[in-house]
Amino acid sequence: MSSDARRSGGAPATGGRREGTTLVLGDANHDAACRRLAGDSPDSAYRIRATTDAAGGRCCADVADLYDTGVYEGLALSEAGVVVSDTIANLDAAAGRLVVCVDGLPRPTDESGRRQLLQFLHAVTHRVADADGRCHVHLAADADDDLAAVVEPLFETVVDASD
């Protein structure tokens with residue numbers, strides 16, 4: 001993973017980037033990046049991982065053991081958003097920091113799918129930010145991929161896992 005996380009470009013029309021959000025890009029394995037972003041220590045943190053089971057999606061990190069608060073796998077995009085939101089709502093905020101990992105995102109094939117993905121990312125990052133948490137999202141795409149360019153403005157930082 002690159003030691004220099006780069007800042008994203010201009011703000012999107014979907015509401016702007018959220019503080020504490022990171023987009024992890026690359027076709028390489030994202031395990032090291034995920035562990036670093038989640039904090040690979042047993043401190044008091046709520047760690048939640050949600051993976052989607054969508055057409056064209058691929059999980060980039062295999063680190064379910066790190067996410068002790070909840071691991072939710074094989075969800076539809078809409079289910080993943082509900083699970084993250086409900087889990088956050090049921091946490092005791094005073095008990096620790098919040099880290100949310102989202103992986104296995106679909107690769108939209110049309111404008112409707114792209115819009116749905118953007119709405120999902122906007123909602124999840126907003127919900128995590130409202131809970132003073134940190135959220136990182138894995139995307140199996142290179143930095144120069146058109147999908148990365150579309151979603152990148154929603155994130156405070158972008159890291160390339162292949163560096």
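Formation of a donor-acceptor pair under 3.5 Å by the Thr87 side chain with backbone atoms of Val83 is found in this model. Looking only at distances, no side-chain donor or acceptor of Asp142 sits under 3.5 Å from a matching main-chain atom of Leu25. Judged purely by atom type and a 3.5 angstrom limit, Asp31 uses its side chain to pair as donor or acceptor with the backbone of Asp62. Side-chain atoms of Arg47 come within 3.5 Å of backbone atoms of Gly39 as a donor-acceptor pair (strictly under, hydrogens ignored). Not a single donor-acceptor pair under 3.5 Å links the side chain of Ser85 to the backbone N or O of Val82. In this structure, the side chain of Gln116 does not engage the main chain of Gly113 through any donor-acceptor pair within 3.5 Å. The backbone N or O of Thr51 sits nowhere less than 3.5 Å from a side-chain atom of Glu73 that would complete a donor-acceptor pair.
In this pair, His126 and His122 present their aromatic rings parallel. The plane angle is below 30°, not in the 30 to 60° band.
Within the 4.5 Å cutoff, side-chain heavy atoms of Val24 are placed close to those of Leu37. Using a 4.5 Å heavy-atom threshold, the side chains of Leu118 and Val151 count as touching. Between Val128 and Thr21 there is no side-chain heavy-atom pair separated by less than 4.5 Å. Taking the side chain as every heavy atom from C-beta outward, Val124 and Gln119 never approach each other to under 4.5 Å. Looking only at side-chain heavy atoms (C-beta outward), Arg36 and Val159 stay at 4.5 Å or farther from each other. With a 4.5 Å cut-off on side-chain heavy atoms, Tyr72 and Val84 do not count as touching. Within the 4.5 Å cutoff, side-chain heavy atoms of Leu117 are placed close to those of Leu147. Contact check for Val100 versus Tyr46: no side-chain heavy atoms found under the 4.5 Å cut-off.
Of the charged side-chain nitrogens involved, at least one lies within less than 4.0 Å of a carboxylate oxygen, so that Asp27 and Arg58 count as a salt-bridged pair.
Summarising the local packing, CZ of Arg127 is surrounded by more than 12 heavy atoms from other residues, nucleotides or ligands at distances under 6.0 Å.
Asp110 pairs by the salt bridge (charged side-chain N to carboxylate O under 4.0 Å, His left out) definition with nothing, not counting sequence neighbours.
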